[in-house]
Amino acid sequence: MGKLTVGALRAVLMVVLAGTVFVQAAMAWTLVSGSDPEDGSLPLTAFRVITILGMVSVQVAVVCVWRLVALVRRGTVFSHAAFRYVDGVIGAIAAAALLWFAVTAVNAPGQRDDPGVTVIMGGIGVAILGVALIVLVLRMLLAQAVARDVEAAQMQAELDEVI
């Protein structure tokens, strides 16, 4: 992975992290201060709490991707240490999907006249879960690559002994 690619990715990750912290702070301030520009109804409060939790899931994914990029730069991504971060990304995406389903559930009563919106939102939640499954498949590919790397190292050691 080139230095330009890593630098660009890290810049994007920093912007995303800063943006999520800003959104969390704004939502928390609105909840705590009582300066809600809306009427402060229960669904709006629930949406704000879900947004704060959603930003946490994005932050977890960003930190895990940052650590994976560091492993790639050091050439150690094909190791057991990478699994912890890939599992973190999978968990963050799954949590985001569950939070999206919560948004759908909170929004559903207001969509009684047009239930199609709720169905579309449910479909988006399923798509988010699909992304988590894709990353899970990529994790399995990483596991195979790590196993092959260990096997190649053992064969190299045996070959060195013979020679």
Side-chain angles (χ1 to χ4, degrees), residues 1 5-6 8-73 77-147:
M1 197 177 235
T5 305
V6 170
L9 179 57
R10 286 189 172 166
V12 168
L13 292 174
M14 284 189 289
V15 168
V16 169
L17 192 60
T20 58
V21 169
F22 175 76
V23 169
Q24 279 179 319
M27 292 291 167
W29 177 255
T30 303
L31 285 172
V32 173
S33 71
S35 63
D36 191 351
E38 301 290 331
D39 64 351
S41 62
L42 179 62
L44 194 57
T45 300
F47 285 139
R48 288 197 172 106
V49 170
I50 292 169
T51 300
I52 291 169
L53 295 174
M55 295 299 105
V56 170
S57 70
V58 172
Q59 290 165 349
V60 168
V62 165
V63 169
C64 289
V65 169
W66 186 284
R67 296 297 303 149
L68 285 168
V69 169
L71 290 175
V72 169
R73 286 294 292 157
V77 74
F78 295 115
S79 66
H80 293 286
F83 291 111
R84 169 179 45 198
Y85 302 116
V86 175
D87 290 342
V89 171
I90 294 168
I93 295 170
L98 293 176
L99 289 168
W100 183 256
F101 286 131
V103 166
T104 303
V106 170
N107 189 49
Q111 299 297 326
R112 290 176 200 224
D113 294 335
D114 189 10
V117 172
T118 303
V119 171
I120 291 169
M121 290 177 72
I124 292 170
V126 171
I128 296 169
L129 281 176
V131 172
L133 289 173
I134 290 169
V135 177
L136 181 62
V137 168
L138 294 174
R139 183 195 186 282
M140 290 182 219
L141 292 173
L142 176 64
Q144 287 179 355
V146 168

Return the minimal non-hydrogen interatomic distance between Trp66 and Met14, and the atom names on each side.
-> CZ3-CG, 3.8 Å
Could you state the interatomic distance from CG (Leu9) to OG1 (Thr5), rounded to the nearest 0.5 Å?
-> 8.5 Å
First locate atom CG of Leu136, then atom CG of Leu142, and finally report the distance between them rounded to the nearest 0.5 Å.
-> 11.5 Å
How long is the span from the CE atom in Met27 to the CZ atom in Phe22, to the nearest 0.5 Å?
-> 9.5 Å
Look up atom CZ in Arg139 and atom CG in Asp87, then write down how far apart they are to the nearest 0.5 Å.
-> 4.0 Å
Test item: Trp100 side-chain N/O and Met121 main-chain N/O as donor-acceptor pair under 3.5 Å | yes
Side chain to side chain contact (heavy atoms under 4.5 Å, CB included) between Thr20 and Leu17, intermediate numbers included = CA-CA 5 Å; Thr20 58; Leu17 192 60; 4.2 Å; yes
Can you name the nearest heavy-atom pair linking Val135 to Ile93, along with the distance?
-> CG2-CD1, 3.9 Å
Is the number of heavy atoms from other residues, nucleotides or ligands under 6.0 Å of Phe101 CZ greater than 12?
-> yes
What one should report as the nearest heavy-atom pair of Thr118 and Ala108 is OG1-CA, 3.7 Å
d(Leu68 CG, Arg84 CZ) to nearest 0.5 Å is 10.0 Å
Is Gln59 close to Gln24 at the side-chain level, that is, under 4.5 Å between some pair of heavy atoms?
-> yes
Evaluate side chain to side chain contact (heavy atoms under 4.5 Å, CB included) for Leu133 paired with Leu129, printing each intermediate quantity in order.
-> CA-CA 6 Å; Leu133 289 173; Leu129 281 176; 5.6 Å; no
Of all heavy-atom pairs between Val89 and Cys64, which one has the smallest distance, and what is that distance?
-> CG2-CB, 3.6 Å
For the residue pair Ala96 and Ser57, what are the closest heavy atoms and their distance?
-> CB-OG, 3.8 Å
For the student: nearest non-hydrogen atoms of Asn107 and Val117, plus distance | ND2-CG1, 4.2 Å
CD1 of Ile52 to CG of Leu99, rounded to nearest 0.5 Å, is 11.5 Å
Side chain proximity check, Phe83 to Val146, heavy atoms < 4.5 angstrom = yes
Can Tyr85 and Val65 be said to form a side chain to side chain contact (heavy atoms under 4.5 Å, CB included), step by step?
-> CA-CA 7 Å; Tyr85 302 116; Val65 169; over 6 Å; no
